[in-house]
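The figures here come from the full heavy-atom set of this structure, side chains too, leaving out hydrogens, waters and symmetry mates. We number each residue from 1, following the sequence as shown.
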Amino acid sequence: MRPYLHEFLSSVYAEYDIMIWSATNMKWVELKMGQLGVLDHPEYKITALLDHLAMITVQSDTRGVFDCKPLGLIWAKFPEFYSSKNTIMFDDLRRNFVMNPQNGLTIKPFRKAHANRSNDQELMKLTQYLLTIADLDDISSLDHSKWESFNEDSFKRRRHS
């Protein structure tokens with residue numbers, strides 16, 4: 001489990017609906033989320049779980065053929081709740097949001113968990129970013145590629161100028 005997972009989900013739950021989208025089979029998504037204590041945590045709820053069946057195959061001149069996670073699927077199914085203005089997806093594979101690049105945020109992969117557990121601050125930094133942008137009416141105009149160097153004070157100054 002990535003460090004600060006439950007703290008992250010508890011913090012952002014106040015402002016966001018949380019969906020877990022995995023490229024694996026639903027059986028494994030449910031098993032892993034259950035083992036991690038995500039599905040029955042008292043401080044947050046998971047809105048939906050999606051698996052590889054909700055992904056689509058695309059072809060790119062540069063990347064070849066691969067599967068990705070089209071947010072349009074969620075937007076079409078629940079247009080009264082979700083759109084490009086209020087949805088953000090994060091993944092360690094940028095290609096997963098090739099259909100919706102403006103709504104994607106690339107995070108560092110969590111590898112070698114036994115060695116990196118104490119150093120990994122990714123979810124703590126992501127919490128700060130997500131809570132700072134939560135009040136925006138439209139997050140689709142943000143450049144999420146700069147999220148790690150994001151400064152809350154400069155954000156406040158930019159919003160009020």
Next on the checklist: Using side chain to side chain contact (heavy atoms under 4.5 Å, CB included), reason through Ile18 and Tyr13 one step at a time and then give a plain yes or no.
Outcome noted: CA-CA 7 Å; Ile18 302 168; Tyr13 177 66; 4.0 Å; yes
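- By the criterion of side-chain heavy atoms lying less than 4.5 angstrom apart, applied directly or through intervening Ile, Leu, Val, Met, Phe, Trp or Tyr residues, Met1 is grouped together with Leu49 in one hydrophobic cluster.
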Item to check | Candidate pair Leu73 and Ile56, rule side chain to side chain contact (heavy atoms under 4.5 Å, CB included), full reasoning | outcome: CA-CA 10 Å; Leu73 175 104; Ile56 62 169; over 6 Å; no
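- The distance from atom OG1 of Thr24 to atom NE2 of His52, rounded to the nearest 0.5 Å, is 7.5 Å.
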Checklist entry - Would Arg63 and Val98 count as a side chain to side chain contact (heavy atoms under 4.5 Å, CB included) if you check the C-alpha gap in whole Å, the side-chain angles of each, and the deciding distance to 0.1 Å? => result CA-CA 11 Å; Arg63 295 186 179 135; Val98 70; 4.0 Å; yes
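- A 4.5 Å side-chain heavy-atom check between Leu5 and His41 finds every atom pair outside the cut-off.
- Hydrophobic clustering of Ile, Leu, Val, Met, Phe, Trp and Tyr side chains at less than 4.5 Å, counting indirect connections, keeps Met89 apart from Leu130.
- Counting non-hydrogen atoms of other residues, nucleotides and ligands closer than 6.0 Å to CE of Met99 gives a total of 12 or fewer.
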Item to check | Worked verdict on Ile107 versus Arg2 for side chain to side chain contact (heavy atoms under 4.5 Å, CB included) | outcome: CA-CA 12 Å; Ile107 60 171; Arg2 190 165 207 153; 3.8 Å; yes
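- The distance between the ring centers of Phe8 and Phe90 falls below 6.0 angstrom.
- Distance check, rounded to the nearest 0.5 Å: CE of Met19 to CD1 of Ile46 gives 10.5 Å.
- To the nearest 0.5 Å, the span separating CD on Glu122 from OG1 on Thr127 amounts to 10.5 Å.
- Side-chain contact between Trp147 and Lys125 is present, with at least one heavy-atom pair separated by less than 4.5 Å.
- Using a 4.5 Å heavy-atom cutoff, the side chains of Gln35 and Leu31 are in contact.
- Not a single donor-acceptor pair under 3.5 Å links the side chain of Asp91 to the backbone N or O of Gly104.
- Interatomic distance, Gln102 CD to Ile139 CD1, rounded to the nearest 0.5 Å: 9.0 Å.
- There is no path of hydrophobic side-chain contacts, each under 4.5 Å, that joins Phe110 to Leu93.
- The side-chain heavy atoms of Asn100 and Thr87, taken from C-beta on, include no pair separated by under 4.5 Å.
- Leu126 places a side-chain heavy atom less than 4.5 Å from the side chain of Leu105.
- One distance of note links CD of Gln121 with NZ of Lys108; it measures 10.5 Å at 0.5 Å rounding.
- Across every non-hydrogen atom of Ala54 and Pro70, the tightest pair is O-CD, 3.7 Å.
- Scanning both residues, Glu30 and Leu39, for their nearest heavy atoms gives O-CD1, 3.7 Å.
- Nearest approach of Ser22 to Val29, heavy atoms of both residues: CB-CG2, 3.5 Å.
- Contact annotation: the side chain of Glu43 never approaches that of His6 to less than 4.5 Å [non-hydrogen atoms, C-beta and beyond].
- Contact of the Ile74 side chain with the Trp21 side chain is registered, since non-hydrogen atoms from C-beta on lie closer than 4.5 Å.
- Using a 4.5 Å cut-off on side-chain heavy atoms (C-beta onward), Ile88 and Tyr129 make contact.
- A distance-only check finds a donor-acceptor pair linking the side chain of Trp75 to the backbone of Ser83 [under 3.5 Å].
- Using a 4.5 Å cut-off between side-chain heavy atoms of Ile, Leu, Val, Met, Phe, Trp and Tyr, with links allowed through other members, Phe97 and Tyr16 fall into different hydrophobic clusters.
- Nearest heavy atoms, Tyr44 versus Ser10: CD2-OG, 3.4 Å.
- Of the possible donor and acceptor atoms, none in the side chain of Glu15 sits under 3.5 Å from a partner among the backbone N and O of Leu131.
- In the hydrophobic cluster analysis, where Ile, Leu, Val, Met, Phe, Trp and Tyr join through side-chain heavy atoms closer than 4.5 angstrom, Phe66 is grouped apart from Met55.
- Taking CD1 from Ile133 and CG from Asp138, the interatomic distance works out to 10.5 Å, rounded to the nearest 0.5 Å.
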